[in-house]
2 protein chains.
Amino acid sequence: MGTPSIKEVAQRAGVSVGTVSNFLNRPGIVAPETRQRVQDSIQALGFVRNEAARHLRAGRSRTVGLVVLDVTNPFFTDLAEGAEALAYEHDTVVMLCNSKTDPVREGHHLDQLEQQRVMGILITPFDSTDPRLTALVDRGTPVVLVDRTADRGLCSVSVDDQLGGRLAGNHLIESGHRRIAFIGGPFTMQQVADRRAGITAVVEEAGGVDLQHHEVDVMGVVEGRAIGEQLAALPARSRPTAAFLANDLLALGFLQGMAVAGLRVPRDMAIVGYDDIDFARAAAVPLSSVRQPAELLGRTAMELLQEEVESAERHRHRQVIFQPDLIVRESSDFQRRR
Amino acid sequence: MGTPSIKEVAQRAGVSVGTVSNFLNRPGIVAPETRQRVQDSIQALGFVRNEAARHLRAGRSRTVGLVVLDVTNPFFTDLAEGAEALAYEHDTVVMLCNSKTDPVREGHHLDQLEQQRVMGILITPFDSTDPRLTALVDRGTPVVLVDRTADRGLCSVSVDDQLGGRLAGNHLIESGHRRIAFIGGPFTMQQVADRRAGITAVVEEAGGVDLQHHEVDVMGVVEGRAIGEQLAALPARSRPTAAFLANDLLALGFLQGMAVAGLRVPRDMAIVGYDDIDFARAAAVPLSSVRQPAELLGRTAMELLQEEVESAERHRHRQVIFQPDLIVRESSDFQRRR
DNA sequence: AGCCCCAATTGAATCGTCTAAATCACCGAC
DNA sequence: GTCGGTGATTTAGACGATTCAATTGGGGCT
């Protein structure tokens, strides 16, 4: 009635279940005409392998969990793309989970993934020091941090966010800006904190530059626009002349806010975003942005995980760190006279 | 060594596996102090239920596959939100799969989901007549079409796309537009075809209106902007004065294209989008859009699926159809004198 | 004392697949 | 004609949780 099992396939083909299993896993050792009979039987019955049984038997699932902060952010889908590409080569499936920057949702997803005994988890955690993560590892589920640097016993793949912040800051300072806004949040998130630390450092080194900080709960277009309108409403004398946003969605929103308020970009307000997502380039005013190699991040994270799974015991955790690049476009391409 | 099983929990608590299972599934029938002992044992060993084993025994998984055309489109994530909310109430997990409007990827996801014996699949298919879908159902995996109307033996949840097209078309015609562009694609996709049919119908009814059609491969911001720049380059005399875009991402891109070309919206070009995603409202020029109840769609689809799974045999497939609403905002709010 | 009943617990069978060891059939060589 | 060998196939447990029929141990009642 339900889906046929290997047993029924065997029966119809007049062989034992072992042979069918061999056909599926080691077709080479099955005699050609037997192979044909089994093949026909599978076809006729519409047999589909039962992954749950395989998994139970193997003790390990063939899926990898990928938990990201925001699936609507192209940065994360590009990242997922990279991870999936490599997973595909390893005959492995990726289960995409959206935590929406909410620790409760994140926890729920982790629970589910652990119950499913996933091969491993790639995660951009809300809080990378969460003890839950190491607990997972202790109980046998490998975890690789993505877009976060691990300090303790974990693999991680990240981009030097401090450097990213410095690149953006230097660029704005060199363009003559003396009042700069940093916008991002929550500040407790490591990436945001690092980017902020980067620009803060160069601002202090430069001297005579005023850096103000604006925190948001979620880094989306809507929030960016709100902050943009808020800043635009300030009198020109005290308003920042440049803004560095901790991701491109914020920056795109911010840009919209400027348009609504009638401020020109970059003349009245220079903008630098982060991630360099595809439509940063396609924005009304093409957006300067700190580029991260999203796809490579995802691919490398999956690589580390596969490595960890395969070499098991003698695995040494690694922290891979990539360098960001500043891509200057029209939104910040304006020399401000002192 | 690996994760402890129910057996080890039982041993440590000095009870049988049956009792541990009872504790997990029907705690009420376990004596209070036994319950405590089992609880302690679980805690001490860090026991985590093995979903694969439950699933194998139950013959049915507790996860539902949700295959969407584009996870970066907020319409689909809102939809996913609705589906997940209801899934949560049914103690069920949603596996989000992104087909990226690519039939090959879609097929791969369907294969994986079937091997996992998911409880059911919610899908916005590339092609709703794909025989693969009915094959799935025949082999025992319930399928609910989302944002598509099923003709044959399937449940579906959709929005009246022809009506949506009519609403947009009427609005533009009544505002005095006589040269209108419809932009979307691929035209083979049912929703796109229906929206186009809707506006085509009202255009024909009105008479004296010129409707031109532009097809795109993928409905994203980048494509919208490209078409926008293309139309903006036409001489004002022959250029359409209004555009109806088959989704909001296209419309947002189109709007950017106008800004780049220096055309004013809505004076030089009126714009109506589709889906009414959150940041249609937040765009530089707030976007008129045909609203679909995304979250409700997702929730209802999951409802139909749960219903189908539970009532099994005596289930009658249903096609739920919602009505769209036109939300008029600044991007089309301009009376054009004839 | 004998009986019954109820609550609590146990034990065994089951789900579908995989694997290692065992069996079988067949062939050629001595 | 027997032995060894090879290649193909079968058999018999696992894997971990669930379920249901069977068992145990008290109480309460007559």
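Each chain gets a letter, A, B and so on, in the order the sequences are listed, and its residues count up from 1.
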Asker: Take atom CD of A:Glu33 and atom P of D:dA8, then tell me their distance rounded to the nearest Å.
Answerer: 10 Å
Asker: What are the atom names and distances for every N/O pair under 3.5 Å that joins the protein to nucleotides 4-7 of chain C?
Answerer:
none

Asker: I need the CZ-C1' distance between B:Arg49 and D:dC15, as an integer number of Å.
Answerer: 17 Å
Asker: Provide, to the nearest angstrom, the distance between the CD atom belonging to A:Glu51 and the C1' atom belonging to C:dC15.
Answerer: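 So the two atoms are 15 Å apart, to the nearest Å.
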Asker: List the residues meeting side chain to side chain donor-acceptor pair (under 3.5 Å) with A:Glu84, not counting sequence neighbours, and say none if there are none.
Answerer: B:Arg105
Asker: When the distance from CZ of B:Phe23 to C1' of C:dT10 is rounded to whole Å, what number comes out?
Answerer: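 Whole-Å distance recorded here is 18 Å.
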Asker: Salt bridge (Lys or Arg N to Asp or Glu O under 4.0 Å): which pairs involve residues 13-29 of chain A, sequence neighbours left out?
Answerer: none
Asker: In whole angstroms, how far is the P atom of C:dG11 from the CD1 atom of B:Ile6?
Answerer: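 Spelled out: CD1 on B:Ile6 to P on C:dG11 is 14 Å.
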Asker: Once you round it to whole Å, what is the distance between P of D:dT9 and CG of A:Asn25?
Answerer: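 Result: 15 Å.
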Asker: State, with a plain yes or no, whether a side-chain heavy atom of B:Val118 is found less than 4.5 Å away from one of B:Val64.
Answerer: no
Asker: Does any part of the side chain of A:Cys155, heavy atoms only, come nearer than 4.5 Å to the side chain of A:Leu305, both counted from C-beta?
Answerer: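 They are not in side-chain contact.
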Asker: Which residues satisfy the side chain to side chain donor-acceptor pair (under 3.5 Å) test with B:Thr77, sequence neighbours excluded?
Answerer: none
Asker: For the side chain of B:Arg26, counting heavy atoms from C-beta on, which of D:dA17, C:dC18, D:dT19 is nearest?
Answerer: D:dT19
Asker: Any pair with a residue in residues 32-48 of chain A that passes salt bridge (Lys or Arg N to Asp or Glu O under 4.0 Å), sequence neighbours left out, goes on the list, sorted by first then second residue, please.
Answerer: none
Asker: Counting N and O atoms only, with roles assigned by atom type, does the side chain of B:Glu308 sit under 3.5 Å from a partner on the main chain of B:His315, one being a donor and the other an acceptor?
Answerer: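 A pair under 3.5 Å: no.
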Asker: Does B:Asp111 have any salt bridge (charged side-chain N to carboxylate O under 4.0 Å, His left out) partners at least two apart in sequence or in another chain, and if so, which?
Answerer: B:Arg132
Asker: Between C1' on C:dC15 and NE2 on B:His55, what's the gap in Å once rounded to a whole number?
Answerer: 10 Å
Asker: Using nucleotides 10-14 of chain D, report all nitrogen or oxygen pairs with the protein that are shorter than 3.5 Å.
Answerer:
unit_1, atom_1, unit_2, atom_2, d
D:dT10, OP2, A:Ser16, N, 2.8
D:dT10, OP2, A:Ser16, OG, 3.0
D:dT10, OP2, A:Thr19, OG1, 2.6
D:dT10, O5', A:Ser16, OG, 3.4
D:dG13, N2, A:Arg57, NH1, 2.8

Asker: Test of understanding: with salt bridge (charged side-chain N to carboxylate O under 4.0 Å, His left out), list the residues that count as partners of B:Asp91, not counting sequence neighbours.
Answerer: B:Arg62
Asker: Does B:Glu303 pair with B:Arg318 as a salt bridge, N-O distance under 4.0 Å?
Answerer: no
Asker: Heavy atoms only, 4.0 Å cut-off, all strands: where does A:Ser21 land among base, sugar-phosphate and nothing?
Answerer: base
Asker: Side chains of B:Thr92 and B:Gln306: closer than 4.5 Å at any heavy-atom pair?
Answerer: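 Result yes, sub-4.5 Å side-chain heavy-atom pair found.
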Asker: Quick check on contacts: within residues 34-44 of chain A, what sits under 4.0 Å from DNA chain D by heavy-atom distance?
Answerer: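 Under 4.0 Å from DNA chain D: A:Thr34.
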Asker: Counting the atoms with a prime plus P, OP1 and OP2 as sugar-phosphate, which does B:Phe47 contact under 4.0 Å by heavy atoms, base, sugar-phosphate, or nothing?
Answerer: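 Counting heavy atoms under 4.0 Å across all strands, the contact made by B:Phe47 is with sugar-phosphate only.
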Asker: Side chain of A:Glu106, backbone of A:Phe126: donor and acceptor closer than 3.5 Å?
Answerer: yes
Asker: Let me spell it out: for each of B:Leu56 and B:Ala31, pick the nucleotide of DNA chain C with the closest heavy atom. Which residue's pick is nearer the 5' end?
Answerer: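 Upstream on the strand: B:Ala31.
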Asker: Could you pull out the protein-nucleic contacts involving nucleotides 22-26 of chain D (nitrogen or oxygen on both sides, under 3.5 Å)?
Answerer:
none

Asker: Find every protein N or O atom lying less than 3.5 Å from an N or O atom of nucleotides 22-24 of chain C, and list the pairs.
Answerer:
none

Asker: Will you find, in the side chains of B:Gln112 and B:Gln116, an N or O donor that is under 3.5 Å from an N or O acceptor?
Answerer: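 The answer is no; no qualifying pair exists.
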Asker: With no hydrogens and no angle check, is any side-chain donor or acceptor of B:Gln319 less than 3.5 Å from a backbone partner on B:Leu154?
Answerer: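 A pair under 3.5 Å: yes.
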Asker: Tell me the interatomic distance from A:Lys7, atom NZ, to C:dC18, atom P, rounded to whole angstroms.
Answerer: 15 Å
Asker: Counting only heavy atoms not in B:Gln39 (residues, nucleotides, ligands), do more than 12 fall under 6.0 Å from its CD?
Answerer: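 Yes, the 6.0 Å shell around CD holds more than 12 heavy atoms from other groups.
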Asker: Would you classify A:Val30 as touching base, sugar-phosphate or nothing, given that sugar-phosphate means primed atoms plus P, OP1 and OP2, and contacts are heavy atoms under 4.0 Å?
Answerer: sugar-phosphate
Asker: Any sub-3.5 Å donor-acceptor pair from B:Ser158's side-chain atoms to B:Ile321's backbone N or O?
Answerer: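 No: the side chain of B:Ser158 does not pair with the backbone of B:Ile321.
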Asker: Under 4.0 Å: is that the gap between some side-chain N or O of A:Asn50 and OP1 or OP2 of C:dT17?
Answerer: no
Asker: Just grab all the ring pair (Phe, Tyr, Trp, His ring centres under 6.0 Å) pairs involving residues 16-56 of chain A, residues at least two apart or on different chains.
Answerer: none
